[in-house]
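One structure below.
Keep in mind that this is a model prediction, so the values were computed, not measured.
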Amino acid sequence: MSYSLAYSQAILALIFVHDKQNLKGYEFVSARDLSQTLNIPAPSVARILRLLTQSRILETREGYGGGVRIARSAEEISLLDIFQSIEQGKPLFRTNLRINVKDSRPQRLLARISAALQATESEMQASLRKVTLRQLLGPGGASRKSSRS
């Protein structure tokens, strides 16, 4: 599979931001707090937050008291949404296999391999789509009512 550590870090960061907002009453969480608490290098945190903000999963505020906050409800954010935000369209499997054989059998086998991996990727995406941030948070991660949409 071709996904990065940033994907898992993004999930963890979203859970951290959610809990700071909903359990501790923070309006915004600083990138510095995320980096230090989660032991993720600051440049990685900056990239993750930028990508999640571009995908409208997070929203930001500059200046004193600024940082990031969850832009949508935890029920609306799936693991697939996070994956697509971080991996920017990269497939789960790379199927651009090229061989230097002219025979038709290897070419048919390559087509079968590609089809099998593409089907598996579709199944994995469907599975990731079913799991929401809310489900990961479990029963102790209840949200306060929010006026944000």
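- The structure places CG of L128 at 12.0 Å from CD of E123, a figure rounded to the nearest 0.5 Å.
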Inset, instruction - List the steps, then state whether side-chain contact (heavy atoms from CB on, under 4.5 Å) holds for I82 with L79. - result: CA-CA 5 Å; I82 301 165; L79 290 182; 4.3 Å; yes

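- Side-chain atoms of T53 come within 3.5 Å of backbone atoms of L49 as a donor-acceptor pair (strictly under, hydrogens ignored).
- For Q88 (side chain) and S85 (main-chain N/O), a donor-acceptor pair under 3.5 Å exists by modelled atom type.
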Inset, instruction - Give the intermediate values and the outcome of salt bridge (Lys or Arg N to Asp or Glu O under 4.0 Å) for residues R72 and D81. - result: CA-CA 12 Å; R72 305 187 321 222; D81 295 329; 3.3 Å; yes

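- P43 pairs by the side chain to side chain contact (heavy atoms under 4.5 Å, CB included) definition with P41, not counting sequence neighbours.
- Under the 4.5 Å side-chain heavy-atom criterion for ILVMFWY residues, no single connected hydrophobic cluster contains both F28 and L23.
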Inset, instruction - Evaluate the side-chain contact (heavy atoms from CB on, under 4.5 Å) criterion for residues R69 and E27: first the C-alpha distance (whole Å), next the side-chain angles of each, then the deciding distance (0.1 Å), finally the verdict. - result: CA-CA 7 Å; R69 69 178 177 191; E27 187 173 1; 3.0 Å; yes

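- For the pair L34 and F16, the tightest heavy-atom approach, listed with the atom from each and the gap, is CD2-CD2, 3.3 Å.
- Side chain of S44 to main chain of I40: no donor-acceptor pair is present (N/O by atom type, distance under 3.5 Å, no hydrogens or angles).
- A salt bridge (Lys or Arg N to Asp or Glu O under 4.0 Å) check over residues 32-53, counting only residues at least two apart or in different chains, returns the pairs K20-D33.
- Between T132 and A74, the shortest heavy-atom contact is CB-O, 3.7 Å.
- Taken to the nearest 0.5 Å, the CZ atom of R134 stands 10.0 Å off from the CD1 atom of I77.
- By the 6.0 Å contact criterion, CD on E62 is open, its count of non-hydrogen atoms from other residues, nucleotides or ligands being 12 or less.
- For R61, the CZ atom is densely surrounded, since the number of other residues' heavy atoms within 6.0 Å is greater than 12.
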Legend entry - Residues K90, Q84; criterion side-chain contact (heavy atoms from CB on, under 4.5 Å); working and verdict: CA-CA 8 Å; K90 291 180 192 168; Q84 291 172 333; over 6 Å; no

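- Note that the CD1 atom of I48 and the CG atom of L14 stand 9.0 Å from one another [nearest 0.5 Å].
- A donor-acceptor distance shorter than 3.5 angstrom exists from the side chain of S55 to the backbone of L51, with no hydrogens or angles considered.
- Criterion: ILVMFWY side-chain heavy atoms under 4.5 Å apart, direct or through other members. Under it, I86 and L38 are part of a common hydrophobic cluster.
- Between atom OG of residue S78 and atom CD of residue Q125 there is a gap of 10.0 Å, rounded to the nearest 0.5 Å.
- The side chain to side chain contact (heavy atoms under 4.5 Å, CB included) check on D103 picks up V101, R105, P106, with sequence neighbours excluded.
- Taken from CD in E121 to CE in M124, the straight-line distance is 8.0 Å, to the nearest 0.5 Å.
- Side-chain contact between K24 and D19 is absent, with no heavy atoms from C-beta onward closer than 4.5 Å.
- A71 and L58 get closest at one heavy-atom pair: CB-C, 3.8 Å.
- Taken from CZ in F83 to CD1 in I11, the straight-line distance is 10.0 Å, to the nearest 0.5 Å.
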